[in-house]
Amino acid sequence: MARSKSILTEARQIERAVTLIQLGARLQVLESETDLSYERLLRLYKEVAGKSPSKGQLPFSTDWFMTWQPNIHASLFLNTHEYLNKVAALDEIDTVIKAYQLYLEQMQSQGLEPLLSVTRAWRLVKFVDNGMLTMTKCRKCGGHFVTHPHEIARHYVCGLCNPPARAGKGKPAVQRSLDNHDAEPAGDLRTGMGLHLCPRGGAFVPAAGGH
Amino acid sequence: MNSEQILAEIREANLSYLMLAQSLIRTDRDQALFRLGVNEDTAALIGTLTPAQMMKIATTNTLLCRFRMDDDVVWNLITNHGKGAANDGMSRLHASILMAGRHQEAA
């Protein structure tokens with residue numbers, strides 16, 4: 001199969017794969033977005049990243065995108081992605097890469113930790129493509145935010161216009177944990193986040209979705 | 001500032017803008033469309049300007065670039081009206097989301 005491919009196409013795919021690996025993508029993303037064989041991708045990954053790719057399943061739940069801070073980051077990325085989608089004629093995966101790079105820049109310029117990984121960003125676009133997530137306009141600020149489909153647009157208020165009570169306290173906790181990676185930050189904030197980040201957490205509480 | 005100074009400063013700003021725009025477009029055209037907020041035709045045009053052309057275009061009594069936001073919502077978020085410093089980061093993020101969502105002006 002690979003033999004019939006043009007060398008130029010292959011070169012572009014390798015370049016794409018290298019960019020994705022540098023951005024921290026999981027191997028599954030590379031497998032899905034290039035025609036390169038698993039063995040070659042694995043070798044490429046080790047060469048570029050200097051280590052073996054992490055194993056295990058990809059995060060599969062849409063719930064992560066609904067929690068407060070991740071939702072803000074995901075919305076920023078998705079707005080950028082949609083912008084590029086509208087103004088530039090790019091292949092799907094290139095739009096993800098370029099939008100993600102712009103997202104990283106914005107995080108860097110504002111001194112924030114990028115909560116959204118490239119794998120999650122890629123996943124988010126897939127979720128939107130197959131209708132599991134969408135963007136809804138906030139009736140207060142007019143911005144577009146990641147939501148479940150069928151959100152009642154007339155009543156929707158985004159997480160930034162209407163932050164949860166604990167919202168202000170979450171951020172310092174994240175920054176503190178960045179300052180000393182190995183130390184366990186005291187307090188209940190971390191555990192609160194941990195609950196949200198648990199990939200299976202949401203799957204067992206469908207009632208929270210309110211459908 | 002007398003009018004001579006004004007014209008000189010506007011030319012400087014225009015020239016810096018055009019040169020930056022051109023190098024952004026040449027580095028990555030698609031990302032430049034997002035950064036500059038211009039459409040593809042304009043970007044293609046700026047990308048091919050010669051230095052002499054840039055000098056000519058820059059020499060005028062108006063600025064070539066203008067603000068991307070002209071509504072209170074974004075302005076208030078950026079200038080952080082009526083909010084404490086604790087919310088500053090979130091306000092800027094909020095403004096970024098709103099501004100990134102505005103592609104109708106570019107397209």
Side-chain angles (χ1 to χ4, degrees), chain A residues 19 68-69 71-91 94-107 109-115 135-138 140-146 158-163 167-172 174-175, chain B residues 20-47 65 67-107:
Chain A
T19 311
W68 187 66
Q69 270 202 333
N71 184 260
I72 293 163
H73 286 244
S75 298
L76 177 60
F77 165 78
L78 201 56
N79 272 295
T80 311
H81 181 273
E82 293 303 291
Y83 192 111
L84 288 181
N85 224 352
K86 287 256 163 56
V87 298
L90 286 167
D91 284 344
D94 290 330
T95 315
V96 173
I97 291 173
K98 294 194 177 200
Y100 188 74
Q101 287 169 336
L102 287 168
Y103 160 78
L104 284 184
E105 277 178 9
Q106 258 166 331
M107 290 300 107
S109 69
Q110 303 192 9
L112 295 171
E113 169 76 354
L115 292 183
M135 286 216 281
T136 304
K137 192 173 172 176
C138 166
K140 271 197 172 162
C141 68
H144 291 81
F145 289 81
V146 176
C158 73
L160 280 164
C161 287
N162 186 23
K169 292 160 191 159
K171 217 180 61 154
V174 170
Q175 279 172 347
Chain B
L20 174 64
Q22 192 170 64
S23 64
L24 289 178
I25 290 164
R26 287 178 180 173
T27 308
D28 189 315
R29 239 175 74 130
D30 309 295
Q31 289 184 335
L33 296 178
F34 177 82
R35 296 186 206 274
L36 297 169
V38 300
N39 61 32
E40 223 170 358
D41 297 340
T42 312
L45 220 120
I46 298 173
C65 53
F67 275 115
R68 291 177 82 159
M69 57 285 194
D70 44 15
D71 62 326
D72 289 349
V73 183
V74 176
W75 270 118
N76 285 341
L77 285 170
I78 294 174
T79 54
N80 214 18
H81 267 308
K83 284 193 178 167
N87 271 326
D88 186 47
M90 278 301 141
S91 298
R92 287 176 64 197
L93 254 186
H94 199 171
S96 300
I97 292 175
L98 293 183
M99 287 180 50
R102 298 192 176 164
H103 31 67
Q104 61 274 26
E105 287 138 38

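Numbered from 1 within each chain, the chains take letters A, B, ... in sequence-line order. As a basis for the values below, the full set of heavy atoms in this structure was taken, side chains included, without hydrogen atoms, waters or symmetry mates. Treat the numbers as computed from the prediction; the structure is a model and nothing was measured.
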B/R35 versus chain A, the contacting section by heavy-atom distance below 4.5 Å: side chain
What part of [X] is in contact with chain B, defined as an atom under 4.5 angstrom from a non-hydrogen atom: side chain, backbone, both or neither?
X	answer
A/L90	side chain
A/I72	both
A/Q110	both
A/M135	neither
A/F145	side chain
A/C158	side chain

Within-4.5 Å side-chain heavy-atom neighbours: A/D91 and A/T95: no
Heavy-atom check, side chain of A/Q106 versus side chain of B/R92, under 4.5 Å: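 No. Closest side-chain heavy atoms not under 4.5 Å.
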Partner of A/V146 under side-chain contact (heavy atoms from CB on, under 4.5 Å), chosen from A/N79, A/L78, A/T136: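 The option that passes is A/L78.
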Minimal non-hydrogen separation, A/W68 against A/L160, with atom names: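 That would be NE1-N, 4.4 Å.
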N/O donor-acceptor pair under 3.5 Å between B/T42 side chain and B/V38 backbone: no
No-hydrogen, no-angle side-chain donor-acceptor test under 3.5 Å, A/H81 and A/Y103: no
Best-contacting candidate, A/A89, A/S75, A/G159, A/A88, against chain B by heavy atom pairs under 4.5 angstrom: A/A88
